[in-house]
Trainee: 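Below is one structure. I have some questions about it.
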Amino acid sequence: MNKTLISCQGISKVYFKGKQEITPLNELDLEIIQGEFLALMGPSGSGKTTLLNILAGIDSPTHGKLFFKEQDISQLKRRQLTNFRAQNMAYIFQLYHLIPVLTAYENVELPLLTHRLSAKQRHDRVCRALELANIADRADHYPKQLSGGQEQRVAIARALVTDPPLIVADEPTGDLDQESAQAILKLLKSLCAELNKTVVMVTHDPKAAAYADRTLFLEKGVLIKGDHHVAH
Ligand SMILES: Nc1ncnc2c1ncn2[C@@H]1O[C@H](COP(=O)(O)OP(=O)(O)OP(=O)(O)O)[C@@H](O)[C@H]1O
């Protein structure tokens, strides 16, 4: 039986635009278990990115509690949240966000430069991450020499290199052809099933969501269905 990784208890996000109140998330309750592949769907403006950023510790809820491995991270100060992120999460983007002047290897190595590791430990970690993402044969290539699917594999290796329990992905296949998208989705699924990673993925594509263990639907900041777990 897998443990709860994230527990959201009544979380809301409120912005003020002049006197107007905008509530992208409204008293949301959610449990996410370790090793789960979770898809997040909903119309534009329904709060998906807001929720993803809060789950990843990039943003904080205005109200409510957010427990990550039983620690309430909604109470952390900015610097503590930065440390939390470095140890516990990685982000994958629709457009990969690789550094163009660095090779695939150097892009993957980047998050480790703030970690205390010997050169050998760093090298071993980068090689393992490139292998896990099935892109080791392109280690010396620059992003512009790679296809979109290969760039996303490098981004996934970069996400894996610090070994975080949580990977959040904002439309990771939104810019890929169907074949490359399927390969990336299978890779994300295998990270959950084989490495016990938790992946939370925002998508507009029901075919992409079908790879997940569970799909949540947001509408106007409220979960409208899908909050039940599927056993692995
Ligand atoms: N910093 C902000 N200040 C004010 N309003 C914001 C801010 N960030 C988001 N919002 C508003 O919150 C709502 C939800 O935005 P969010 O980006 O989470 O939606 P989304 O479901 O990810 O949309 P999309 O699918 O278009 O990316 C929107 O109405 C948006 O305008």
Trainee: Side chain of Thr173, backbone of Leu176: donor and acceptor closer than 3.5 Å?
Mentor: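 No, because the side chain of Thr173 does not come within donor-acceptor range (under 3.5 Å) of the backbone of Leu176.
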Trainee: Test your reading of the model: is there a side-chain donor-acceptor pair from Lys13 to the backbone of Ser60, 3.5 Å cut-off?
Mentor: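 Checking the backbone N and O of Ser60 against the side chain of Lys13, a donor-acceptor pair under 3.5 Å is found.
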Trainee: Indicate whether any N or O donor in one side chain lies under 3.5 Å from an N or O acceptor in the other, for Glu31 and Thr4.
Mentor: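 Side chains of Glu31 and Thr4: pair found under 3.5 Å.
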Trainee: Has Lys65 got a side-chain atom pairing as donor or acceptor with Gln75's backbone, closer than 3.5 angstrom?
Mentor: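 No; judged by distance alone, with no hydrogens or angles, the pair does not exist.
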Trainee: Does this structure show an ion pair linking Lys120 with Asp124, if we count only N-O contacts that are shorter than 4.0 Å?
Mentor: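 A salt bridge is present here (some side-chain N lies under 4.0 Å from a carboxylate O).
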Trainee: Going by atom types only, do Asn26 and Thr23 share a side-chain donor-acceptor pair under 3.5 Å?
Mentor: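 No donor-acceptor contact under 3.5 Å links the two side chains.
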Trainee: Answer yes or no: is there a donor N or O on one side and an acceptor on the other, between the side chain of Ser118 and the main chain of Gln121, under 3.5 Å?
Mentor: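 At least one qualifying donor-acceptor pair exists.
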Trainee: Can you check whether Gly35's main-chain N or O pairs, donor with acceptor, with Lys197's side chain at less than 3.5 Å?
Mentor: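 Side chain of Lys197 to backbone of Gly35, a donor-acceptor pair under 3.5 Å: no, none is there.
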Trainee: Less than 3.5 Å apart, any donor N or O on the side chain of Asn53 or Tyr91 sitting next to an acceptor on the other?
Mentor: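 Indeed, the side chains of Asn53 and Tyr91 share at least one donor-acceptor pair under 3.5 Å.
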Trainee: What are the two closest heavy atoms between Ala139 and Leu130, and how far apart are they?
Mentor: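 Of all heavy-atom pairs spanning Ala139 and Leu130, the closest is CB-CD1, 3.9 Å.
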Trainee: Is there a donor-acceptor pair under 3.5 Å between the side chain of Ser12 and the backbone N or O of Glu27?
Mentor: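 Checking the backbone N and O of Glu27 against the side chain of Ser12, a donor-acceptor pair under 3.5 Å is found.
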Trainee: Between Gln87 (side chain only) and Phe84 (backbone N and O only), is there a donor and an acceptor less than 3.5 Å apart?
Mentor: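 Side chain of Gln87 to backbone of Phe84, a donor-acceptor pair under 3.5 Å: no, none is there.
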Trainee: Using modelled atom types and a 3.5 Å cut-off, is there a donor and acceptor pairing between side-chain atoms of Arg214 and backbone atoms of Leu38?
Mentor: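 No; zero donor-acceptor contacts below 3.5 Å.
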Trainee: Under 3.5 Å, is there a donor-acceptor pair between the side chain of Arg125 and the main chain of Val161?
Mentor: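 The answer is yes, because a donor-acceptor pair under 3.5 Å joins these two groups.
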Trainee: Kindly say whether Gly10 contributes a backbone atom to a donor-acceptor pair with the side chain of Asp29 at under 3.5 angstrom?
Mentor: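 Yes, Asp29 side chain to Gly10 backbone: donor-acceptor pair under 3.5 Å.
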